[in-house]
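Single-structure report; data block below.
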Amino acid sequence: MDKLSTNQIAWRAAQDIADGAYVNLGIGFPEKVAQYQPPGREAIFHTENGILNFGESPAPGEEDWDLINAGKKAVTLKPGSAFFHHADSFAMVRGGHLDVAILGAYEVAENGDLANWSTGPKGVPAVGGAMDLVHGAKRVAVIMDHVAKDGRPKLVQRCSLPLTGVGCVTRIYTSLAVIDVEGGRFVLREKPPALSFEALQAATGAELLLSGPVADLIAPEL
Amino acid sequence: MDKLSTNQIAWRAAQDIADGAYVNLGIGFPEKVAQYQPPGREAIFHTENGILNFGESPAPGEEDWDLINAGKKAVTLKPGSAFFHHADSFAMVRGGHLDVAILGAYEVAENGDLANWSTGPKGVPAVGGAMDLVHGAKRVAVIMDHVAKDGRPKLVQRCSLPLTGVGCVTRIYTSLAVIDVEGGRFVLREKPPALSFEALQAATGAELLLSGPVADLIAPEL
Amino acid sequence: MDKRVADLAAAVAGIEDGMTVMIGGFGGAGSPIELIHALIDRFRATGSPRNLTVVNNNAGNGHVGLAALIEAGMVRKLICSFPRSADPVVFTELYLAGKIELELVPQGTLAERIRAGGAGIPAFYTPTSYGTDLAKGKPVEEFEGRPYVRERWLKADAALIKAETADPQGNLTYRAAARNFNPLMCMAAKETIVQASRILPPGGIDPETVVTPGLFVRKIVEVPHPRQEEDLNRAGAVYPLEA
Amino acid sequence: MDKRVADLAAAVAGIEDGMTVMIGGFGGAGSPIELIHALIDRFRATGSPRNLTVVNNNAGNGHVGLAALIEAGMVRKLICSFPRSADPVVFTELYLAGKIELELVPQGTLAERIRAGGAGIPAFYTPTSYGTDLAKGKPVEEFEGRPYVRERWLKADAALIKAETADPQGNLTYRAAARNFNPLMCMAAKETIVQASRILPPGGIDPETVVTPGLFVRKIVEVPHPRQEEDLNRAGAVYPLEA
């Protein structure tokens with residue numbers, strides 16, 4: 001099976017994070033990216049609720065619930081961390097001081113539009129910091145399954161769900177591909193070697209362009 | 001001689017500062033007000049360059065030039081002081097968190113307009129924090145001589161010099177009077193007992209209204 | 001200058017019907033449980049305050065703190081960024097029944113609007129929410145070729161704040177990520193009411209390490225061993241707590 | 001993560017002709033004398049950088065620091081609130097001779113514009129300067145019946161900053177009122193260059209007391225016994241200083 005697991009998608013996204021990068025990981029799935037930093041590279045993680053340079057979760061029972069990330073999970077501190085209030089935290093976000101934000105998505109459109117906060121008018125809406133992150137970080141990447149659970153494409157021509165941001169996504173890491181958004185189009189960068197371009201295109205709701213070589217998308221067992 | 005000295009004007013202004021008030025004193029003459037806090041009352045002084053609750057000047061030779069006020073004079077700290085950066089400092093000013101700002105003036109108009117930053121196009125203009133203070137503090141008061149050195153009135157119908165702020169002054173303490181700005185007019189509150197109303201009016205560039213009793217303006221020898 | 005008040009009841013005595021109240025905290029971190037519960041105590045005894053508009057990042061969790069305030073029927077409207085959490089059942093049920101109003105604000109915009117309220121900035125432009133449903137009806141303007149949404153300041157009649165240390169002048173420090181919205185809300189409320197784990201003597205807080213200068217604070221009450229919302233919820237606690 | 005550079009020359013190496021440079025300090029407090037002098041050293045050796053736009057509250061004093069930078073002919077334009085002081089003769093003469101440009105900005109507006117630059121807020125409204133010469137040509141709008149002036153963000157290519165302690169990640173603390181504009185300028189510049197009196201090991205600064213988080217900082221150089229501008233001027237010092 002050539003489909004990447006969620007761990008493997010997170011691993012692949014982590015490979016593109018430079019040493020010394022300031023990174024914000026969205027709540028849930030994107031948090032996994034922190035586990036796969038390549039050896040010798042150190043990213044500094046930012047969380048909206050006011051911590052820079054936090055580390056892994058503490059052992060169960062060791063949690064300090066005043067020391068949490070934006071997903072309300074307990075974290076620990078690394079040497080050289082800092083606390084700050086929410087306005088300073090979002091000054092970091094909005095002011096372009098984060099190198100990368102990695103978010104989950106319901107849909108990403110070929111023009112870079114992102115829908116990841118609302119599945120429609122039903123239920124209680126909740127947006128958190130996603131709309132701030134997508135217009136702040138120098139690079140906004142998405143990690144997600146290539147298709148929805150019901151098989152519908154999540155990579156689309158135009159988002160059908162309420163937007164989080166307009167033209168903000170530049171790279172998408174999925175279970176089947178690495179895709180860049182360039183000039184309002186999806187450009188395929190990587191795919192699993194055993195997956196044909198045609199099969200990948202069939203699972204994608206907008207045209208995939210080829211521009212330069214397509215590398216093999218291969219992740220270790222995780 | 002019934003004219004108040006600068007020390008006496010400062011003393012008079014100090015009598016109107018309530019216990020626990022947060023106060024900003026302009027550079028120069030207004031700084032004197034701090035010396036005359038009535039016994040039993042404690043004002044907390046703010047300086048634009050990022051100190052709350054500073055105290056008197058240190059003894060000569062004891063100065064720490066990182067511990068200065070907005071006039072670049074060395075100060076000391078009282079227990080319970082705080083340092084903060086310039087944006088936070090002017091958040092205090094602009095956000096209406098100061099109870100009183102006391103400033104000097106070239107001219108004050110009966111509509112509350114203040115001119116205290118520029119004497120015209122000659123020389124190097126410099127504004128500092130005056131324009132922020134006049135639109136921030138809950139009460140903006142002026143202390144000044146009643147007339148200029150050449151005898152011209154400083155209390156005028158309309159300012160002739162470049163404005164610092166529009167309709168911002170509510171009370172003026174001069175060498176000859178205490179005057180409130182109410183409904184776009186000067187209302188006389190206090191004058192020295194030996195000075196006739198007519199003589200005071202003659203030294204004033206706009207009509208002085210009488211609204212309620214005029215108290216005697218008497219200050220101790222200082 | 002001494003901003004200490006006798007007890008929690010005295011601290012929240014000035015909060016009246018219809019007021020806008022900012023409440024610090026992000027999830028359970030920095031949530032002033034004791035002040036909130038004192039307010040509910042008053043409501044249960046007197047029927048007031050009610051019809052409150054509450055500003056908080058979340059919508060409460062479980063049956064303590066903000067969730068209990070909502071459950072008591074004291075809140076008319078909530079202004080927040082993320083009214084979902086592990087157990088926001090109280091808010092969710094009222095919201096879906098149309099019994100509580102929600103103004104949803106992106107988290108960074110919420111923080112900046114509160115800071116603007118405290119800093120005397122009536123409006124500002126942000127790229128956040130441009131082109132989304134949350135920008136509907138708001139002025140848009142281009143600066144240097146990029147579109148921005150104009151947002152307004154947010155102020156409150158009162159703020160309930162959880163601090164770690166305070167001095168009698170009202171200078172405050174916080175604990176770890178319990179800082180979050182607390183320092184901003186101190187700036188934006190007419191009456192900032194603080195519960196601090198420790199009140200130190202004047203000069204007890206190094207002026208270099210003060211996070212909230214005392215000028216932003218009106219009342220302080222010492223709550224030596226404050227409860228943490230997350231701990232309470234994990235223990236299944238329900239307002240009123242046992243002493 | 002180690003943002004330390006070898007020496008002052010390396011610290012200022014990236015500043016080029018025509019750049020906008022923010023320089024921390026209010027009067028002499030917080031003025032990064034050694035970084036400024038390193039920049040003048042380079043100019044004297046290479047003729048570059050020149051045509052700088054400098055953002056500072058003041059216009060320098062005496063013949064050291066910012067005044068020396070201006071005197072060396074490196075500054076095309078100054079953006080400041082108060083270009084008067086005890087001895088601003090260098091700026092005054094050039095200004096009256098029409099040889100240096102001045103943009104005068106109210107002090108609070110200057111601070112807020114810099115903070116806005118760092119926080120990604122392209123414009124904001126302030127009551128400051130309404131109805132005055134300094135508001136000429138700026139959009140005015142009423143909010144809740146009161147007029148406000150719209151001001152734009154201010155950003156820089158580089159900032160020269162004086163801190164008290166730093167760690168290798170770039171976290172900073174300041175000393176007393178030497179803090180002033182420094183933390184704001186750290187936020188608003190592409191390349192924030194810091195001289196710190198002490199560089200502590202990672203973890204050497206309590207995360208509760210960090211004033212500038214390291215993310216805002218690019219380069220750090222240790223200057224163990226920094227000169228204070230006021231002290232220098234009282235001693236009649238002139239650039240270049242004796243070692």
Side-chain angles (χ1 to χ4, degrees), chain B residues 27 47-52 54 63-75 77 81-96 111 113-115 117-118 120-136 159 161-168, chain D residues 26-30 57-59 61 80-86 88 91-92 95-96 102 104-112 114-116 118-119 126-135 146-148 164 174-185 187 211-212 228-231 234:
Chain B
I27 294 176
T47 181
E48 295 95 301
N49 56 315
I51 316 176
L52 198 64
F54 65 95
E63 297 92 347
D64 174 348
W65 295 111
D66 286 345
L67 197 59
I68 57 176
N69 67 12
K72 279 100 180 175
K73 292 196 188 67
V75 297
L77 294 181
S81 55
F83 298 121
F84 35 85
H85 62 53
H86 251 84
D88 281 349
S89 183
F90 280 89
M92 296 177 187
V93 171
R94 206 190 300 104
N111 59 3
D113 288 1
L114 171 67
W117 75 280
S118 169
K122 277 188 296 183
V124 177
V127 65
M131 286 190 185
D132 305 279
L133 283 163
V134 298
H135 288 300
C159 292
L161 293 171
L163 292 186
T164 306
V166 171
C168 53
Chain D
F26 180 91
N57 187 64
N58 303 103
N61 211 2
C80 79
S81 92
F82 206 80
R84 273 191 225 134
S85 59
F91 173 79
T92 302
Y95 178 76
L96 295 179
L102 172 67
L104 192 71
V105 183
Q107 198 172 128
T109 298
L110 182 63
E112 191 66 13
I114 298 168
R115 191 234 170 225
T126 173
T128 301
S129 91
Y130 170 73
T132 76
D133 292 349
L134 297 190
R146 208 178 150 191
Y148 294 86
E164 178 67 6
Y174 301 88
R175 181 170 185 276
R179 185 181 304 196
N180 55 65
F181 284 90
N182 279 298
L184 307 173
M185 291 176 171
M187 297 168 68
V211 177
T212 293
Q228 219 281 359
E229 187 189 284
E230 187 75 26
D231 286 329
R234 282 169 186 261

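These numbers come from a predicted model, not from an experiment. All chains are named by letter (A, B, ...) in the order of the sequence lines, taking the proteins before the strands, and each is independently numbered beginning at 1.
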Q: Working to the nearest 0.5 Å, report the span between CG of D/Asn182 and NE2 of B/His86.
A: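 Here the interatomic distance stands at 10.5 Å.
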
Q: Enter the distance from B/Lys72:NZ to D/Phe82:CZ here, rounded to the nearest 0.5 Å.
A: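 Between B/Lys72 NZ and D/Phe82 CZ, I get 6.0 Å after rounding to 0.5 Å.
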
Side chains of [X] and [Y]: closer than 4.5 Å at any heavy-atom pair?
X: B/Trp65; Y: D/Arg234; result: yes
X: D/Arg146; Y: B/His135; result: yes
X: D/Thr126; Y: B/Phe90; result: no
X: B/Met131; Y: D/Tyr130; result: no
X: B/Thr47; Y: D/Phe26; result: no

Q.
Just so I understand: if I count every heavy-atom pair under 4.5 Å between each of D/Pro106, D/Gly131, D/Ala111 and chain B, which residue has the most?
A.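 The candidate making the most pairs under 4.5 Å is D/Pro106.
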
(Q) As an exercise: rank D/Leu110, D/Ile114, D/Leu134, D/Val105 by heavy-atom pairs under 4.5 Å with chain B and give me the winner. (A) D/Leu134

Side chain, backbone, both or neither: which part of [X] has a non-hydrogen atom closer than 4.5 Å to chain B?
X: D/Pro183; result: side chain
X: D/Arg179; result: side chain
X: D/Arg115; result: side chain
X: D/Val211; result: neither
X: D/Tyr95; result: side chain
X: D/Asn58; result: side chain
X: D/Phe91; result: side chain

For [X], is it the side chain, the backbone, both or neither that has a heavy atom under 4.5 Å from a heavy atom of chain D?
X: B/Phe83; result: both
X: B/Ser89; result: neither
X: B/Asn69; result: backbone
X: B/Ala70; result: both
X: B/Ile68; result: both
X: B/Val124; result: both

(Q) Testing the 3.5 Å rule here: is there a donor-acceptor pair between the side chains of B/Asp132 and D/Gln107? (A)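 The criterion, which ignores hydrogens and geometry beyond distance, is not satisfied for D/Gln107 and B/Asp132.
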
**Q.** Largest heavy-atom contact set with chain D, pairs under 4.5 Å, which of B/Pro125, B/Gly129, B/Ala130, B/Pro162
**A.** B/Pro125

Q. When heavy-atom pairs shorter than 4.5 Å are enumerated against chain D, which of B/Ser81, B/Gly128, B/Ala87 gives the highest number?
A.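 Heavy-atom pairs under 4.5 Å are most numerous for B/Gly128.
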
Q. Are any side-chain N or O atoms of B/Arg94 and backbone N or O atoms of D/Thr128, one a donor and one an acceptor, separated by less than 3.5 Å?
A.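 The answer is no, because no donor-acceptor pair under 3.5 Å joins these two groups.
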
Q. Applying the side-chain contact (heavy atoms from CB on, under 4.5 Å) test to B/Asp66, which of D/Arg175, D/Glu230, D/Glu164 qualifies?
A.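 For B/Asp66, the side-chain contact (heavy atoms from CB on, under 4.5 Å) check succeeds only for D/Arg175.
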
